[in-house]
Protein chains: 4
Amino acid sequence: MTSSRQHHAAPGGASDDIEPEKRRAILHAAVHVFADKGYHGCRIADVARAAHVAYGLVYHYFRNKDELLENVLAEQWAIFTNALAAIGAGPGSAADKIAGIFGFVFDVYKTAPSAIRVLLLTRTPQGLRAGSTRETFERAVGLVADIVRQGQSRGELQPEADPTIAATSLLGGMELVLSGMVIGLVPGTSEAEVDRVRRQAVDVAIGGLRKG
Amino acid sequence: MTSSRQHHAAPGGASDDIEPEKRRAILHAAVHVFADKGYHGCRIADVARAAHVAYGLVYHYFRNKDELLENVLAEQWAIFTNALAAIGAGPGSAADKIAGIFGFVFDVYKTAPSAIRVLLLTRTPQGLRAGSTRETFERAVGLVADIVRQGQSRGELQPEADPTIAATSLLGGMELVLSGMVIGLVPGTSEAEVDRVRRQAVDVAIGGLRKG
Amino acid sequence: MTSSRQHHAAPGGASDDIEPEKRRAILHAAVHVFADKGYHGCRIADVARAAHVAYGLVYHYFRNKDELLENVLAEQWAIFTNALAAIGAGPGSAADKIAGIFGFVFDVYKTAPSAIRVLLLTRTPQGLRAGSTRETFERAVGLVADIVRQGQSRGELQPEADPTIAATSLLGGMELVLSGMVIGLVPGTSEAEVDRVRRQAVDVAIGGLRKG
Amino acid sequence: MTSSRQHHAAPGGASDDIEPEKRRAILHAAVHVFADKGYHGCRIADVARAAHVAYGLVYHYFRNKDELLENVLAEQWAIFTNALAAIGAGPGSAADKIAGIFGFVFDVYKTAPSAIRVLLLTRTPQGLRAGSTRETFERAVGLVADIVRQGQSRGELQPEADPTIAATSLLGGMELVLSGMVIGLVPGTSEAEVDRVRRQAVDVAIGGLRKG
DNA sequence: CATGAATGAGCGTTCATTCAT
DNA sequence: TATGAATGAACGCTCATTCAT
């Protein structure tokens, strides 16, 4: 669940592996600063200040800025892909599952937009940022593609659609709609608005634009 | 002294205010460097070197880095939105026009991927980058939304779909599929592959996923 | 609170004020780390790790980094100057005593090169490092100068030679020859090689280069 | 002569390869700061300030601190080894040449002690600092060893002495005597004192300590 | 127009030192 | 004693921007 590349997971006990409170604070603060200012605009000093923590402590818990932000991304992506996996493994038709994905993401957006905005930042020059991020992205696409495949084999979805391309398109549509809300191009201030946008986005993704 | 604004080539008029060759070289080089390295990775020195131009000359033609890159974005977006406008104003059904959009973008991608990758970079922290870029993005969405609206009034497209949301979703899907090709997640090496991906993406966008 | 000074083992007295085992471990580790990496390359964390001791404990026994390394130097220099004093006070001609100095140092070098390398580090910007080190260095030169003086009064050595300068020259020659071995410029891998180098160095120091 | 790893030597012309004045100023200032404070105590800001130059300019001419100080060392060593080579190739007995070496170094010390002090700093943890420095040191020893060899073949010097060891010992003696003057252990304030010390050091090096 | 040397603010990182337990 | 988390000053390096020629 929690990333913790470092900081020793206790093998045996349950209550031992407690993540240091300040480490969590740093990670938490980093999500917001990162979401607000992006990779380069996000300064270590900002994160430390937002976490109410001394500058140097960031480097006590993370080797450097890259590792810190990679942990942030990994954590948020883990939450997202775990949700995708749970939805995929759950009951319901493929259409229900796709609607469920939108439901999950838009819900999180309502309460913790930074978490979503961080996901949107993943895409960066050089394709995706070094290392694990690309795989994570690939994994997310794969999980959605699995749902599509399942729907096709059940006769619910278009059999001709390439699952990977369909999944990518679907996620991209969702992403830009969210981005549109983030920048105010698509109305998403009130909860009701967000819900309406979500329903529209789901309808377009599943039903397509063509009348019929 | 001389504002760089005056260097804009006069669109309609006589060929008097010819854009200096080196200014063009800088802009051209900037597209590639920007596409390759992103906003922060793109250094003025890189651009100057790629343009085979002296360092200081960049500052002769552009007030600063932001203005340079804004020009780059504006230019590429202008090409794109002009194409959208032309397609929208042209003949054919709404579906044809949407397919035409994909056709245009994927064609450009085949010959000048940097031009497309620059568009993909537009989305950045702080919503969209300063100034005109946001409007440009809004304009592109608006043009696609117009096509959707037209299709709805002609009875070709789903009347319940919100044109703006539909347009955003459509562009987002296209964008992420392109990104997928850029990073190699979606196969797009050969021309045939690119064409196949394009067709798939169009089908999903227009026809949706639901079996019909 | 507790000044680390009190940790010095009582030289003459009863065995009451036993030096804590961990203090010794730190000092021991510091010799090696210091010898390997020099003053600035030697981090407190390195010493603590090498001593298998907690970070903070170093600061329990030593006020700060400077004091720690001063203790290291003082200890190694004490060993050296004690040997010089013993040799000086012992029997034999001045030439024998000088040979004895080389014998002692080269022997230590064979079994504990770090101890010697630490001595070689003493010389540092700002003349010699703060505090006692300079005096220690002065004392070593003085002890050798005493041997020279003694030899002169016995009619064994050149009466015109300035004892201090001669002593300094002699130690400098020895030092650089050792440095040469440390860096591999002078062969000093096997015991036999080291012995040969020692003999050569002694001969040059005592007999000079001039044929006769 | 001048190092200039970078900054393009003009192949043809003579007056073209002018070293930029500010580059020289930086190098010059670096000699002094480096000599005063040593490698780690020498901050780029100090050098820039001493050179009356903007901080960033140091990085215009040198890739980083290491390269700057390597250039400093290389330059000073080049001066020294060139002198050694000239002395070695010149006329006179081996003893004259050795005396000439001392003469050169002590003369420089009188007018530009920093130049000598920088040479003394070369010896550093890890044997000698990275790269070229070790070779330079080796070259200096080699040049002196050549003089020794020549003297031996002419029947002027002890035939049994190992030239490399003798050369190392000789340079080491000279070095520590200089160090002694630098730190005030050996009197070297007035010119007369310096000359006296030099004569003593030469006598000890050539004649040895044994009464003959 | 064109050049590239010169400037300096900004930021990532290190590491000696302190402190609560 | 002993631990290691917490602190923050210091410094190397980058790079956008300016300026003299």
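Residue numbers start from 1 in every chain, and the chains themselves are labelled A, B, ... in the order their sequence lines are given, proteins ahead of strands.
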Both D/Tyr55 and C/Tyr55 contact DNA chain F. Taking the nearest nucleotide for each, which residue is further toward the 5' end? C/Tyr55
Yes or no on side-chain contact (heavy atoms from CB on, under 4.5 Å) for B/Phe34 and B/Leu73, after CA distance, side-chain angles and deciding distance? CA-CA 10 Å; B/Phe34 192 19; B/Leu73 287 178; 3.8 Å; yes
Is the shortest side-chain heavy-atom distance between B/Ile44 and B/Leu68 below 4.5 Å? yes
Could you walk me through whether C/Leu27 and C/Tyr61 satisfy the side-chain contact (heavy atoms from CB on, under 4.5 Å) test, starting with their C-alpha distance in whole Å, then the side-chain angles of each, then the deciding distance to 0.1 Å, before giving a yes or no? CA-CA 10 Å; C/Leu27 233 17; C/Tyr61 286 117; over 6 Å; no
Of B/Asn64 and A/Gly56, the one whose closest nucleotide on DNA chain F sits nearer the 5' end is A/Gly56
Which ones in residues 42-54 of chain D lie close to DNA chain F, meaning a heavy atom under 4.0 Å from one of its atoms? D/Cys42, D/Arg43, D/Ile44
Taking atom P of F/dG12 as reference, at what distance in whole Å does atom NE2 of C/His40 sit? 11 Å
Would one find a side-chain N or O of B/His60 under 4.0 angstrom from OP1 or OP2 of E/dA2? no
Apply side-chain contact (heavy atoms from CB on, under 4.5 Å) to the pair C/Glu70 and C/Thr136, showing each step before the final yes or no. CA-CA 11 Å; C/Glu70 240 174 74; C/Thr136 316; over 6 Å; no
Starting from Watson-Crick (N1-N3 plus N6-O4 or O6-N4) and G-U wobble pairs under 3.5 Å, report the runs of at least three that DNA chain E belongs to. E:2-21 with F:2-21
Is there a side-chain contact between D/Tyr59 and the phosphate of F/dT14, meaning an N or O under 4.0 Å from OP1 or OP2? no
Which donor-acceptor pairs under 3.5 Å do side chains of residues 46-58 of chain C form with protein atoms, sequence neighbours excluded?
| from | atom 1 | to | atom 2 | distance (Å) |
| --- | --- | --- | --- | --- |
| C/Asp46 | OD1 | C/Arg43 | NH2 | 3.1 |
| C/Asp46 | OD2 | C/Arg43 | N | 3.3 |
| C/Asp46 | OD2 | C/Arg43 | NE | 3.1 |
| C/Asp46 | OD2 | C/Arg43 | NH2 | 3.3 |

When rounded to the nearest Å, what value does the distance between C1' atoms of E/dC1 and F/dT21 take? 13 Å
Nucleotide nearest A/Leu57 (side chain, heavy atoms from C-beta), chosen from F/dT17, E/dA6, F/dA5: F/dA5
With a 4.5 Å heavy-atom cut-off, do D/Leu119 and D/Trp77 have their side chains touching? yes
Taking all heavy atoms of D/Ala35 and all of D/Arg117, pick out the closest pair and write down the distance. O-NH2, 3.7 Å
Between B/Glu67 and B/Val72, does the side-chain contact (heavy atoms from CB on, under 4.5 Å) criterion hold? Intermediate values first, please. CA-CA 9 Å; B/Glu67 194 184 293; B/Val72 168; over 6 Å; no
Rounded to whole Å, please give me the gap between CD in D/Glu19 and P in E/dA5. 13 Å
Rounded to whole Å, please give me the gap between CG in C/Asp66 and C1' in E/dT17. 12 Å
Within the side chain of D/Lys65, is there an N or O that forms a donor-acceptor pair under 3.5 Å with the backbone of D/Cys42? yes
Any B/Tyr61 side-chain nitrogen or oxygen under 4.0 Å from OP1 or OP2 of E/dC1: yes
Please state how far atom NZ in D/Lys65 lies from atom P in E/dT13, giving the value in whole angstrom units. 19 Å
Could you tell me how far apart D/Phe62 (CZ) and E/dA6 (C1') are, to the nearest whole angstrom? 15 Å
Using atom CD of A/Glu67 as one end and atom C1' of E/dG12 as the other, report the distance to the nearest whole Å. 14 Å
